[in-house]
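Right, one structure below, let's go through it.
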Amino acid sequence: MVSPAETARRAEQEVWATLGGVPDPELPVVSVVDLGIARAVAVSADGRAVRVTITPTYSGCPAMEVIERTVAESLAARFADVRVETVLAPAWTTDWITAEGRRKLAEHGIAPPQRPAGDEPVPLGSGIPRACPQCGSVRTERLSEFGSTSCKALYRCLDCREPFDYVKSL
C-alpha cells in the first residue's frame, strides 16, 4: 500500500512534469517552468487536488490569463480539483529562468538575460546581450527598448546584421 505522503509526492512530480510542457504563449520555445513563472505546487494528501502558484514576468503581463487557463486545462484531466493562484510578491526576476530555459532561448535566436557578477544588483531593464544568438558576435546595438513584447528589447548584430530579441534583465 502506498502512503499518503508517497501519493502526494508522486502527484507533485507529475504536476511539475506537466507544467514543464506548458509553453509560455509569448515565448513558446520555453515552458512556464523554464521561465520561472510556475513558482510552487501543493498537492492534497490523496493526490486528487492541486494548487499551482504562478508569478507573472510583469504585473501587467497580457499573457497571464492564457497561462492560468492553459495550466488549469493541462492538469484538469488528471486532478479532480485544480486551482491556479497568481501571486505578485515576490516579484518575478530573470534570475528565476532556468539554465535550460536560457539555453532554449539562445538556441531559438533570443538572447537570454544577463546575470550580474556576484551579488551586484541589476538595474531594471539594464544589461546588454553578451553575444548575438545567431553568430556569437559581441558587437551589437539596441534598436528599440521594446521588442516583440514589453519584456524584450530589440537588438541587431553589427557583424551578421541580424535583428534579435533580448530578454531584459529584471
Side-chain angles (χ1 to χ4, degrees), residues 1-116 119 122 125 127 129-131 133-134 136 147-153 164-170:
M1 180 165 183
V2 178
S3 72
E6 180 62 17
T7 298
R9 187 189 67 74
R10 288 179 185 173
E12 182 176 343
Q13 288 177 330
E14 188 177 341
V15 170
W16 281 110
T18 300
L19 294 174
V22 174
D24 178 85
E26 293 179 336
L27 292 167
V29 301
V30 291
S31 73
V32 295
V33 173
D34 292 328
L35 280 180
I37 293 170
R39 299 299 305 145
V41 169
V43 178
S44 63
D46 65 3
R48 298 192 61 205
V50 63
R51 185 179 74 240
V52 176
T53 303
I54 58 176
T55 299
T57 56
Y58 284 84
S59 61
C61 178
M64 285 311 291
E65 185 177 316
V66 172
I67 292 170
E68 286 179 35
R69 185 174 60 250
T70 306
V71 165
E73 289 171 355
S74 70
L75 296 168
R78 161 64 174 85
F79 297 94
D81 179 17
V82 176
R83 289 183 290 150
V84 180
E85 179 180 310
T86 299
V87 297
L88 301 178
W92 180 86
T93 170
T94 51
D95 290 342
W96 293 355
I97 299 174
T98 66
E100 178 70 3
R102 291 169 190 277
R103 184 194 62 75
K104 288 177 183 177
L105 288 169
E107 187 175 272
H108 288 86
I110 301 168
Q114 304 305 303
R115 290 191 167 172
D119 292 332
V122 177
R130 285 194 185 113
Q134 309 297 332
S148 58
T149 62
S150 60
C151 60
K152 295 179 284 202
F164 62 92
D165 277 334
Y166 167 65
V167 178
K168 298 175 197 173
S169 296
L170 291 177

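Note that this is a predicted model, so its numbers are computed, not measured.
Here W92 contributes atom CH2 and T57 contributes atom OG1; the two are 5.5 Å apart, rounded to the nearest 0.5 Å. Note that OG1 of T18 and CD of E73 are 13.5 Å apart. Values are rounded to the nearest 0.5 Å. The CG atom of D95 sits 8.5 Å away from atom OG of S169, with the distance rounded to the nearest 0.5 Å. Remark: R69 CZ to E65 CD distance equals 6.0 Å, nearest 0.5 Å. With values rounded to the nearest 0.5 angstrom, S74 atom OG is found 6.0 Å from L19 atom CG.
Taking every heavy atom of both residues into account, C61 and E26 meet most closely at SG-OE1, 4.2 Å. Here the shortest heavy-atom pairing between A153 and K168 reads N-CE, 3.8 Å. The shortest heavy-atom contact between A8 and S44 is CB-O, 3.7 Å. Of all the heavy atoms in A63 and P25, the pair that sits closest is CB-CG, 3.6 Å. In this structure, V32 and P23 approach most closely via the heavy-atom pair CG1-O, 4.4 Å. Of all the heavy atoms in T55 and M64, the pair that sits closest is C-CE, 4.2 Å.
Under the 4.0 Å criterion applied to side-chain N and carboxylate O atoms, R48 and D81 are not assigned as salt-bridge partners.
Inter-residue side-chain proximity for T86 and E68 is flagged as met; some heavy-atom pair is nearer than 4.5 Å. For the pair I110 and Y166, the minimum side-chain heavy-atom distance is 4.5 Å or more. Taking the side chain as every heavy atom from C-beta outward, D34 and K104 approach each other to under 4.5 Å. Within the 4.5 Å cutoff, the side chain of S31 has no heavy atoms near those of the D24 side chain. At least one side-chain heavy atom of L105 sits less than 4.5 Å from a side-chain heavy atom of V30. For the pair W96 and I37, the minimum side-chain heavy-atom distance is 4.5 Å or more.
Just one of L35, V22, I54 meets the side chain to side chain contact (heavy atoms under 4.5 Å, CB included) condition when paired with I67; it is I54.
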>> side-chain contact (heavy atoms from CB on, under 4.5 Å), that's the test. Do V15 and R78 meet it? Break it down for me.
In response: CA-CA 9 Å; V15 170; R78 161 64 174 85; over 6 Å; no

ask   = Could you go step by step and tell me if D165 and S148 meet the side-chain contact (heavy atoms from CB on, under 4.5 Å) rule?
value = CA-CA 7 Å; D165 277 334; S148 58; 2.8 Å; yes

Exercise. Hey, mind stepping through R9 and E6 against salt bridge (Lys or Arg N to Asp or Glu O under 4.0 Å) and telling me if it holds?
Worked result: CA-CA 5 Å; R9 187 189 67 74; E6 180 62 17; 2.6 Å; yes

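Listed by chain and number, the residues in a side-chain contact (heavy atoms from CB on, under 4.5 Å) with E107 are R103 (sequence neighbours excluded). Residues passing the side-chain contact (heavy atoms from CB on, under 4.5 Å) test with A72, sequence neighbours excluded: V82, V84.
Shown here is E85, whose CD atom has more than 12 heavy atoms of other residues, nucleotides or ligands within 6.0 Å.
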